[in-house]
*Asks:* 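Quick one: the structure is below, questions incoming.
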Amino acid sequence: MHFLLLVGARPNFMKMAPVLAALKARGARTTLVHTGQHYDAKMSDVFFDELGLPAPDVHLNVGSGTHAEQTAKVMLALEPVLVRERPDVLVVAGDVNSTLAGALVAAKLLIPIAHVEAGLRSFDWAMPEEVNRVVVDRLSALLFTPSRDGDDNLRKEGAAEERIVFVGNAMIDSLLTHLPRARARDVHARLQLEPKKYALATLHRPSNVDSPEALLRVLTALSEVAAQLTVLLPVHPRTQARITQDPQAAALLARTPALRLCEPLGYLDFLALTDGARLVMTDSGGIQEETTALGVPCLTLRENTERPITVDVGTNQLTGSDPARVVPAARAILAGQVKASRIPELWDGHAGERMADALVRFVKARA
Ligand code: UD1
């Protein structure tokens, strides 16, 4: 029984680590392939180290590019690997370009695909990830959903019931495994932050950072919150490139020292800082889930989310990026008006095991 697991970008690593560990524990043969979509040490290597992921068996070294370039480069590099290895299943995770490319190649080679984090929908076709999610799900034999809304979305799109497997959230497996180590870190002292006396922010969505107007709006929102408490913003390379090119954004940051920028952080430091934050403001997908799992208030700086469970039962609120909405929402949280929340169903640390069991069953049934 042979599974090929494909990862490429930062948010893939914490979703795939629990699946890989659980497959190995069941004695399955695994091949880990890294596309190289993310390649900086701070975007990739540190996650492998801290999550205990083994070095990839195969590295495709594709790097950055336009959407078409990046997707095509992964497809060209992956095809001979899949032809050579002929795994029983290709396992892909999340919604990045590497995920899409992997699914397209495997589908044409008639290799069954399993999708970790299936069924999520923002219904916003301007997001490249929405295109990736819908296409990957359409091509996948096994659809591993993190929440019941995913099952409903897939049913509405006509997915057969036997393809849908509600397993819970693999990213939360990693969070629960590594939280004790994260809490033991000295990152608060290193950054001179006092737990519960700062906000943590992240920004990288093209809709927030790619145009100067959007970037200025969202940085203005963060700077106004920074008038209340220190806001730490670890800066994604995409965002850093935009800030560097934009004198207005750079000037705003220069006059707002309480909005503190730092380099991208490793998994454990970021988890520790999320856990210790009074408030998180983000346009990320996964951080909406991590804050819900930790019970930390989260403002999502987007107009929609593919993770509605974090709003329905978790700590998340959608505010968009307009300061007129973000700042009052932040102020309410700082005044103690915190939304009641609970942990979603099956976000219990065992999603990877459930996926490994389903994968083994799937291959046995086809033998
Ligand atoms: C990608 C995913 C996004 C995910 C995000 C997490 C797609 C379509 N997007 O967006 O869904 O939320 O990863 O981070 O797949 N760069 C570096 N070093 C790196 C990687 C990238 O400097 O290691 C720079 C390059 O200039 C690159 C830019 O960041 O052009 C964007 O990288 P890319 O992988 O294209 O998209 P992300 O914005 O990271």
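Ligands are counted one by one from 1 in listed order, and the atoms in each one are counted from 1 as well.
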*Asks:* Could you identify the single nearest non-hydrogen protein atom to atom 22 (O) of ligand 1 and state the distance to 0.1 Å?
*Replies:*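 Protein heavy atom with the smallest distance to atom 22 (O) of ligand 1: P237 CB, 3.2 Å.
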*Asks:* Would you say R302 and N304 are linked by a side-chain donor-acceptor pair, where the criterion is simply a distance under 3.5 Å?
*Replies:*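 N304 vs R302: donor-acceptor pair found between side chains.
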*Asks:* Could you list which atoms of ligand 1 come closer than 4.0 Å to a heavy atom of H204?
*Replies:*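 Those qualifying, in numeric order: 4 (C), 5 (C), 6 (C), 12 (O).
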*Asks:* Taking only heavy atoms of M43, which atoms of ligand 1 are found under 4.0 Å from at least one of them?
*Replies:*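 In order of number, 19 (C), 23 (O).
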*Asks:* Which option wins on minimum heavy-atom distance to atom 20 (C) of ligand 1: H38, Q240, M127, E129?
*Replies:*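 Closest candidate by heavy-atom distance is H38.
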*Asks:* Any ion pair linking R307 and E117 (charged N to carboxylate O, less than 4.0 Å)?
*Replies:*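 Salt bridge between E117 and R307, a charged N being under 4.0 Å from a carboxylate O: yes.
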*Asks:* Please state which option from P11, G286, S64 has its nearest heavy atom closest to atom 27 (C) of ligand 1.
*Replies:*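 Minimum heavy-atom distance to atom 27 (C) of ligand 1 goes to S64.
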*Asks:* Where the closest heavy atom to atom 1 (C) of ligand 1 is concerned, which of R205, Q37, K42 has it?
*Replies:*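 Of the listed residues, Q37 has the closest heavy atom.
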*Asks:* Give the residue, atom name and distance (to 0.1 Å) of the protein heavy atom nearest atom 37 (P) of ligand 1.
*Replies:*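 Checked against all protein heavy atoms, atom 37 (P) of ligand 1 sits closest to H236 CE1, 3.8 Å.
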*Asks:* Look at atom 18 (N) of ligand 1 and say which protein heavy atom is nearest, naming residue and atom and giving the distance to 0.1 Å.
*Replies:*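 Heavy-atom neighbour on the protein nearest atom 18 (N) of ligand 1: D40 OD2, 2.9 Å.
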*Asks:* Specify the protein heavy atom at minimum distance from atom 35 (O) of ligand 1: its residue, its atom name, and the distance to 0.1 Å.
*Replies:*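 I find the closest protein heavy atom is Q70 NE2, 3.5 Å.
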*Asks:* Using a strict threshold of under 4.0 Å (side-chain N to carboxylate O), is an ion pair present between R325 and E303?
*Replies:*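 Looking at E303 and R325, the cut-off is met.
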*Asks:* Can you tell me which residue and heavy atom of the protein come closest to atom 8 (C) of ligand 1, and the distance to 0.1 Å?
*Replies:*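 Nearest protein contact, heavy atoms only, for atom 8 (C) of ligand 1 is N97 OD1, 3.3 Å.
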*Asks:* With a 4.0 Å cut-off on N to O distance, would you call D186 and R190 a salt bridge?
*Replies:*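 Salt bridge present between D186 and R190.
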*Asks:* With a 4.0 Å cut-off on N to O distance, would you call E157 and R138 a salt bridge?
*Replies:*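 No, E157 and R138 are not salt-bridged.
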*Asks:* List the closest protein heavy-atom neighbour of atom 38 (O) of ligand 1: residue, atom name, distance to the nearest 0.1 Å.
*Replies:*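 Protein heavy atom at minimum distance: R238 NE, 2.7 Å.
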*Asks:* Can you list the other members of the hydrophobic cluster that holds I164, where links are side-chain heavy atoms under 4.5 angstrom apart?
*Replies:*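 Members alongside I164: L143, L154.
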*Asks:* S147: what forms a side-chain hydrogen bond (donor to acceptor under 3.5 Å, both in side chains) with it, not counting sequence neighbours?
*Replies:*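 Listed in chain order: D149.
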*Asks:* Identify the closest protein heavy atom to atom 2 (C) of ligand 1: which residue and atom is it, and at what distance?
*Replies:*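 Scanning the protein heavy atoms, the shortest distance from atom 2 (C) of ligand 1 goes to V96 CG1, 3.7 Å.
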*Asks:* What protein heavy atom sits nearest atom 16 (N) of ligand 1, and how far away is it?
*Replies:*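 Here the closest protein heavy atom is Y39 OH, 3.5 Å.
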*Asks:* So does R205 pair up with E129, basic N to acidic O under 4.0 Å?
*Replies:*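 So R205 pairs with E129 through a salt bridge.
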*Asks:* Classify the ring geometry between H59 and H34 as parallel (under 30°), tilted (30 to 60°) or perpendicular (over 60°).
*Replies:*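 Plane angle under 30°, so parallel.
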